[in-house]
Structure formats: C-alpha cells, structure tokens
Protein chains: 2
Amino acid sequence: MVVDEVTDGSLDRLFHALADTTRRDILRRCVQGELSVSRLAEAYPMSFAAVQKHVTVLERAGLVTKQRRGREQLVLTEPEAVARARQALDELEALWRGRVERMSHLLAQDPRTADHDPQEGQDR
Amino acid sequence: MVVDEVTDGSLDRLFHALADTTRRDILRRCVQGELSVSRLAEAYPMSFAAVQKHVTVLERAGLVTKQRRGREQLVLTEPEAVARARQALDELEALWRGRVERMSHLLAQDPRTADHDPQEGQDR
DNA sequence: TTCATCTACAACCATTTGGTTGTACGTTAG
DNA sequence: CTAACGTACAACCAAATGGTTGTAGATGAA
C-alpha cells in the first residue's frame with residue numbers, strides 16, 4: 001500500500017511519458033482492455049516501431065507492463081502509476097493551500113477574529 | 001467549474017513542464033510565495049539563463065505567470081493549471097474504473113456474449 | 001516444413017531540449 | 001549621471017526525442 005519511494009527520476013519519467021498525445025491515447029486504449037502492440041499500431045499513422053518505442057516509454061515510466069500471449073505482447077495498464085503522478089500534483093496543491101492558510105493567518109493576527117477563507121475556495 | 005477546453009497541445013506542454021525535477025522544484029518554491037527569477041536562480045547550480053528558460057517552459061504551460069515589480073519579474077503560480085493536469089489523470093482513472101465495471105458485467109453475463117471487437121473503427 | 005505474423009532492435013536522421021556564454025536594455029541606487 | 005542589478009534574447013553545443021527503414025528471431029498456422 002505504501003506507494004514505494006517516488007524519486008525525482010521516476011517522476012521525470014512519469015510526466016514525460018504523459019507529455020505526448022499519442023502515448024496518452026495508447027494509455028486510454030489499453031486502460032479499457034489489453035491490446036497487443038500490433039493492434040495498437042494499427043490505430044496510428046506511424047510505423048510499428050514508432051508505436052513500440054512509445055510503449056517502451058510508457059513501460060519505463062511504470063504506466064504499463066507487457067505480458068506475452070503466444071507471439072503477441074499484450075500491453076497492460078498500471079493504474080498505480082497514475083496514482084503516483086496524482087500524488088505529486090496533490091503535494092503541489094497542498095503547498096499552495098498551505099500558503100493560502102499562512103496568508104490568512106497573517107491577515108487575521110488575532111486568533112479570535114480568524115474567520116478564514118478569502119474566496120479562494122476548493123475545486124474538485 | 002468548466003475548465004476551459006483542454007487541448008492535446010496544452011496537455012503536452014503541461015506534462016512536459018512537469019517532467020523535470022528543476023521545474024517541479026521551481027513550482028514548489030513559487031507556490032509558497034512569489035520569487036523573482038534572480039532569486040530563483042540563486043537556488044540552482046546552473047546559469048541564470050537556464051533558470052529563465054525553465055520559467056519560460058512553465059509559463060507556456062500555464063503553470064506560472066510573471067508580473068513586473070520594478071526591475072524584478074515575480075513568478076506567480078497558477079494552481080488551476082495543476083487542476084487541469086489532475087483532470088486528465090482523473091479521466092484515465094475513470095476509464096479504468098469503467099473497464100472494471102464492464103468486466104463485472106461480463107462476468108455476470110452469458111459467456112457467449114463476451115466477444116471482443118476486432119476492428120473498432122477509428123480514424124483520424 | 002514453410003509461410004505469415006508479431007516482436008525486438010540497430011542504424012540513421014531531423015528536431016527539440018537543456019545547458020552554456022555573451023550582449024543589450026530598462027530600472028533602481030548612490 | 002553612473003554603476004549595479006535584473007531581465008531578455010541570440011548564438012552555440014551536446015544529448016535526447018520522435019520518427020524512419022531494415023534485419024533478424026520467435027511463434028502459430030497450413
């Protein structure tokens with residue numbers, strides 16, 4: 001359950017893998033059901049080798065794994081990797097909320113009048 | 001509420017901007033309080049120009065904006081951009097959950113109806 | 001076996017990235 | 001005014017990216 005040690009390098013690879021339209025689309029397709037690399041490649045206007053490289057990038061980022069089935073290689077998504085990316089974004093937002101909170105503290109030096117929240121509410 | 005039209009290109013820029021340790025660190029620093037580019041540059045073992053370029057990448061991704069104060073340029077974070085990235089990840093997770101749900105459906109059904117579509121018509 | 005399919009990977013190429021240095025310009029402090 | 005500071009931007013470079021083609025190895029089908 002412990003999301004094992006998110007290093008800088010792993011986050012670099014994660015976000016880099018997500019930073020390409022084709023790769024995000026591959027993820028969307030595979031997240032709905034495993035596909036072989038060949039089947040995937042049929043969907044894009046590029047060579048099989050190019051799609052293969054994209055899958056490799058996703059794989060090194062931990063976003064997918066491959067599993068042999070006969071002569072095919074099925075691409076399986078790893079939802080936990082998405083969770084790791086989200087965790088990094090959450091951390092940023094937490095910092096931001098922290099700042100807002102500190103600012104509120106400064107604005108309301110007297111704890112008794114510390115009704116907080118100057119309009120910067122939450123999204124979700 | 002409506003997060004204005006997330007295009008492929010904007011997501012590319014967003015995730016690309018996040019795919020670098022230095023840039024994520026810049027975000028963390030700026031999210032806690034605005035800093036000038038010079039002050040930021042003091043924190044990293046690289047030239048001022050390099051940091052300037054990183055800030056430009058963050059800016060084109062919509063993650064920060066710059067605001068002049070005298071001769072300084074303050075870097076301000078834009079939390080909504082982080083929210084856009086999160087939305088993209090949420091969408092992926094939703095697809096994944098959807099698959100699980102469909103799989104449960106299939107398991108509850110007659111096995112003979114469980115056919116896979118060989119060529120889902122998609123084009124470009 | 002023979003043949004078609006799926007995958008792996010090398011070699012190559014153009015473009016982008018991430019860094020550097022150098023120069024120029026606006027602004028603030030003395 | 002002059003000097004120092006903060007910024008902008010160009011030119012350059014090595015390395016990584018994203019694509020190509022070609023070749024070769026496994027595997028399944030006939």
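The figures here come from the full heavy-atom set of this structure, side chains too, leaving out hydrogens, waters and symmetry mates. Letters A, B, ... mirror the listed sequences (proteins, then strands); counts begin at 1.
Interface residues of residues 22-44 of chain B facing DNA chain D, ordered by number: B:Ser36, B:Val37, B:Ser38; criterion, heavy-atom separation under 4.0 Å. For DNA chain D, the residues of residues 67-78 of chain A within the heavy-atom distance limit of 4.0 Å (strictly under) are A:Gly70, A:Arg71, sorted by number.
With rounding to the nearest 0.5 angstrom, the OG atom of B:Ser38 is 8.5 Å from the CD atom of B:Gln52. Expressed to the nearest 0.5 Å, how far CD1 of B:Ile26 lies from CG of B:Leu40 amounts to 5.5 Å. Rounded to the nearest 0.5 angstrom, B:Glu78 CD and B:Thr65 OG1 are separated by 4.5 Å.
Under a 4.0 Å N-O distance rule, the pair A:Arg69/A:Glu34 does not qualify as a salt bridge.
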So which protein N/O to nucleotides 10-14 of chain D N/O distances come out below 3.5 Å?
none

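Atom-to-atom, CD of B:Gln52 to P of C:dT23 comes out at 17 Å; the value is rounded to the nearest Å. In this entry the distance linking CD of A:Glu59 with P of C:dA8 reads 8 Å, nearest Å. Here D:dA16 presents its P atom at 14 Å from CG of B:Asp20, a figure rounded to the nearest Å. One can place CG of A:Asp12 at 13 Å from C1' of C:dT17, the figure rounded to the nearest angstrom. The CZ-P distance, from B:Phe48 to D:dT7, rounds to 5 Å in whole Å.
Minimum atom distance to the side chain of B:Met46 is reached by C:dT20, of the listed D:dC9, C:dT20, C:dG18. Considering only side-chain atoms of A:His54, the nucleotide from D:dG18, D:dA8, C:dT20 that sits closest is D:dG18.
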If you look only at distance, which donor and acceptor atoms sit under 3.5 Å apart when one is on a side chain in residues 10-20 of chain A and the other is two or more places apart or in another chain?
unit_1, atom_1, unit_2, atom_2, d
A:Ser10, OG, A:Thr7, N, 3.2
A:Ser10, OG, A:Thr7, O, 2.9
A:Ser10, OG, A:Thr7, OG1, 3.3
A:Asp12, OD1, B:Thr21, N, 3.3
A:Asp12, OD1, B:Thr21, OG1, 3.1
A:Asp12, OD1, B:Arg24, NH1, 2.9
A:Asp12, OD1, B:Arg24, NH2, 2.8
A:Asp12, OD2, B:Thr21, OG1, 3.1
A:Asp20, OD1, A:Thr22, N, 2.9
A:Asp20, OD1, A:Arg23, N, 3.1

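At D:dT20, one or more side-chain N or O atoms of A:Ser47 fall inside 4.0 Å of OP1 or OP2 (strictly under the cut-off). Phosphate proximity of D:dG18 to A:His16: present, with a side-chain N or O under 4.0 Å from OP1 or OP2.
Axis angle between the ends of the helix from C:dT1-D:dA30 to C:dG30-D:dC1, five pairs each and rounded to 10 degrees, works out to 30°.
Remark: B:Gln32 pairs with no residue by the side chain to side chain donor-acceptor pair (under 3.5 Å) rule, at least two apart or across chains.
Dense packing is recorded around CZ of B:Arg29, with more than 12 heavy atoms of other residues, nucleotides or ligands lying under 6.0 Å away.
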- Item | B:Tyr44/B:Asp25 under side-chain contact (heavy atoms from CB on, under 4.5 Å): CA gap, chis, key distance, verdict | CA-CA 10 Å; B:Tyr44 304 99; B:Asp25 196 73; 2.6 Å; yes
- Item | Stepwise side-chain contact (heavy atoms from CB on, under 4.5 Å) check, B:Arg28 with A:Glu91 | CA-CA 9 Å; B:Arg28 273 187 227 107; A:Glu91 183 192 314; 3.3 Å; yes
